Amino acid sequence: MMQEALQEIQRGTAEIIDNERIEKLLKAYFEEGKTYTVKAGFDPTAPDLHLGHTVLLHKLATFQKYGARIQFLIGDFTAQIGDPTGKSETRKQLSPEQIQINAESYKTQVFKILDPEKTDVVFNASWLNDLGSVGMLELTTTFNVARMLERDDFEKRYKSQTPISISEFMYPLLQGYDSVALKSDIELGGTDQKFNLLMGRHLQRTYEVGKEQAVLMMPILEGLDGVQKMSKSLGNYIGVEDVPNDMFGKVLSVSDELMWRYFELLSAKTLKEIEAIKTGVTEGTLHPKKVKESLAHEITARFHGEEAAVAAQAEFDKVHAKSQIPTEMDIFELDGPIWIAKALQECNIEPSTSQARRDIKQGAVKIDQVKVSDEQLQLERGEYVLQVGKRKFARAKVK
RNA sequence: GGUGAGAUAGUCAAGUGGCCAACGACGGCAGACUGUAAAUCUGCUCCCUAUGGGUUCAGAGGUUCGACUCCUCUUCUCACCA
């Protein structure tokens, strides 16, 4: 039981620091029922979560299964500085009201994965504001510049003469101090957070908290292309707020290889269960597509409920497996008679009439499921279902 | 501050007076095959009712019958020196 818990916790992690401590905590839980705390920090800027972010949340949920209380920290104070990790854009200031709104939005998304009963949502301004200038100065004495510059992106920026603001040095210190204030046993973060996470250990020692947090880092989730990290700007993401049909379809569109990665990092299935599925696929008793469907189902159900997942799957079958038209699609009213290429453009399923013509030539355009061969075709009065390729549909009402 | 190199379509990157709407690669879209996979193969990939027309190669002028290609200025980027 204990071994299984440990394996589940280690599953998919990029790196664990102080694994022994985690073992001890688990042991104390299984033998004496002692709980422990796991901290994870989040930015209060607009919580536009995608599945990449949920990797961390899943890990937190796993911890909850094995006796952890989650300290879900919203970095309202530190947001004023801006984490220098990655981009060094100056941040816009968030009003307290906006932070409150974002925090609420976080909760609705996050509690689809986490157990609210075992989660404390905390704001670091509540103790960092009380630190005062004396406390702040004291904090700065615990670390030195040379070591600060060891941090990867500081080092790069220093070498390349890109400016580093002193306040940015405060960020890791304050994040580390959060662990002091919360007396966290474990902290979770992405691999890019390593330096900041380790700072927690350092400060807990310096402030004699009586323990040093273990650190567990999760890898970056690959996006739909399977190569680059999942991110909104790259357009290869599955948003937590995506509608069920999209979510289901997107999961199903990942490659088989990537599917296992998603299983590892996103599924609530146990390692044993996943292992069994893998065996089934290699032996040919399970069809990979069925397996992927079950994953898509699981993920869709998590964010939209069982019913929506079933509906999404049915809709998907209808459109793709049986190549019928979708139940719902955008409706456009057009003045007729209208040239087919123009109509496709007006319905937003083609970017230009030139592109529309090319697609007609290739046989990619269908009206009411019938292939269009005449690129001069005029649409008369009536209602049509226009289609380009396999997934772009529109309903056109020609007046 | 000095010197040199460069800026080409979504990205990278050829082209150094007409054969250029511009090689190629990646990406994207479509077709075949499939499991809406992946892999593979094929086609397309500035706009326009179009065997033609229009607008493009950082920006503005100029030379020329003709410029992405030559000249001038401007803006920006990079490298080396200080």
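Since the structure is predicted, the reported quantities are computational estimates derived from the model, not experimental observations. Computed over heavy atoms, backbone and side chain alike; hydrogens, waters and symmetry mates excluded. Each chain gets a letter, A, B and so on, in the order the sequences are listed, and its residues count up from 1.
Between the CG atom of A/Asp256 and the P atom of B/rU34 there is a distance of 16 Å, given to the nearest Å. Atom P of nucleotide B/rG35 and atom CD of A/Gln313 are separated by 16 Å, given to the nearest angstrom. Between the P atom of B/rA38 and the CZ atom of A/Arg261 lies a distance of 19 Å, rounded to the nearest Å. Whole-Å rounding puts the A/Asp225 CG to B/rA38 P distance at 11 Å. One interatomic measurement links the two molecules: CD of A/Glu350 to C1' of B/rU45, which rounds to 12 Å at whole-angstrom precision. B/rA30 atom P lies 13 Å from atom CG of A/Leu344, rounded to whole Å. Straight-line distance from the NZ atom of A/Lys390 to the P atom of B/rU34: 11 Å, rounded to whole Å. Computed from coordinates, the A/Asp317 CG to B/rA37 P distance equals 14 Å when rounded to whole Å.
Residue-to-nucleotide proximity on RNA chain B shows that, of A/Ser253 and A/Gln355, the 5′-proximal contact is made by A/Gln355. When each of A/Asp246 and A/Gly389 is assigned the nucleotide of RNA chain B bearing its nearest heavy atom, the one mapping closer to the 5' terminus is A/Gly389.
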Can you give me the N/O atom pairs linking the protein to nucleotides 49-51 of chain B at distances under 3.5 Å, or say none if there are none?
| unit_1 | atom_1 | unit_2 | atom_2 | d |
| --- | --- | --- | --- | --- |
| B/rU49 | OP2 | A/Thr353 | OG1 | 2.8 |
| B/rU49 | O2 | A/Gln376 | OE1 | 2.2 |
| B/rU49 | O2 | A/Gln376 | NE2 | 3.4 |
| B/rU49 | N3 | A/Gln376 | OE1 | 3.4 |
| B/rU49 | O4 | A/Gln378 | NE2 | 2.3 |
| B/rA50 | N6 | A/Ser354 | OG | 3.4 |
| B/rA50 | N1 | A/Arg357 | NE | 3.3 |
| B/rA50 | N3 | A/Arg357 | NH1 | 3.2 |

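Closest to the A/Asp359 side chain, of the nucleotides B/rU34, B/rG35, B/rA30, is B/rA30.
A donor-acceptor pair under 3.5 Å is absent between the side-chain atoms of A/Asn196 and the main chain of A/Gln175, judged by distance alone. Judged purely by atom type and a 3.5 angstrom limit, A/Lys399 has no side-chain atom pairing as donor or acceptor with the backbone of A/Asp335. Using modelled atom types, one side-chain atom of A/Asn124 and one backbone atom of A/Phe77 make a donor-acceptor pair closer than 3.5 Å.
Shown here are the side-chain hydrogen bond (donor to acceptor under 3.5 Å, both in side chains) partners of A/Glu350, two or more places apart in sequence or in another chain: there are none. Contacts of A/Phe195 classified as ring-ring contact (aromatic ring centres under 6.0 Å, His included), with partners at least two apart in sequence or in another chain: none.
A/Gly226 comes within contact range of no nucleotide atom at all, as no heavy-atom separation falls under 4.0 Å. Heavy atoms of A/Val254 sit under 4.0 angstrom from primed sugar atoms or phosphate atoms, though from no base atom. Base contact: A/Lys292 has a heavy atom under 4.0 Å from a base atom.
With both ends at atom C1', the span from B/rC41 to B/rA22 equals 27 Å, rounded to whole Å. Here, B/rC20 and B/rA9 have their C1' atoms 13 Å apart, quoted to the whole Å. Taking the C1' atom of each, B/rG18 and B/rC68 are spaced 13 Å apart, rounded to whole Å. Comparing the C1' positions of B/rC70 and B/rC76 gives an interatomic distance of 23 Å, to the nearest angstrom. Taking atom P on both B/rG61 and B/rG52, the two are 30 Å apart, rounded to the nearest angstrom. Across B/rG2 and B/rG28, the matching C1' atoms stand 46 Å from one another, rounded to whole Å. Nucleotides B/rC23 and B/rC47 are separated by 15 Å at their P atoms, to the nearest Å. For the C1' atoms, the distance linking B/rG10 with B/rA5 amounts to 26 Å, nearest Å.
Using N1 to N3 plus N6-O4 or O6-N4 for Watson-Crick, or N1-O2 and O6-N3 for G-U wobble, each under 3.5 Å, B/rA67 pairs with nothing. Figure legend. B/rC78 is base-paired to B/rG4; pairs are counted as Watson-Crick or G-U wobble with both atom distances under 3.5 Å. Pair assignment for B/rA37: none, as no Watson-Crick or G-U wobble contacts are both less than 3.5 Å. Using the Watson-Crick or G-U wobble rule with both distances under 3.5 Å, B/rA30 pairs with B/rU42. For B/rG52, the paired nucleotide is B/rC48, the pair qualifying as Watson-Crick or G-U wobble because both relevant distances are below 3.5 Å. Under the Watson-Crick or G-U wobble criterion, with both distances below 3.5 Å, B/rU72 is paired with B/rA60. For B/rA22, there is no paired base (Watson-Crick or G-U wobble, both distances below 3.5 Å).
Residues A/Arg302 and A/His58 form a side-chain contact, since some pair of their non-hydrogen atoms from C-beta on lies under 4.5 Å apart. Looking at heavy atoms from C-beta onward, A/Phe111 lies out of side-chain contact with A/Leu57 at the 4.5 angstrom threshold.
Ring centers of A/Phe42 and A/Phe72: under 6.0 Å apart, within the cut-off. Proximity of the aromatic rings of A/His202 and A/Phe143 is defined here by a centroid distance below 6.0 angstrom, and this criterion is met.
Within the 4.0 Å cut-off from OP1 or OP2 of B/rG28, not a single side-chain nitrogen or oxygen of A/Arg391 is found. For the OP1/OP2 pair of B/rC48 and a distance below 4.0 Å, the side-chain nitrogens and oxygens of A/Ser352 include at least one atom meeting the criterion.
Classification of the A/His50-A/Tyr237 ring pair by plane angle, with boundaries at 30° and 60°, yields tilted.
One N or O donor and one acceptor, one from the side chain of A/Gln362 and one from the base of B/rG43, sit under 3.5 Å apart.
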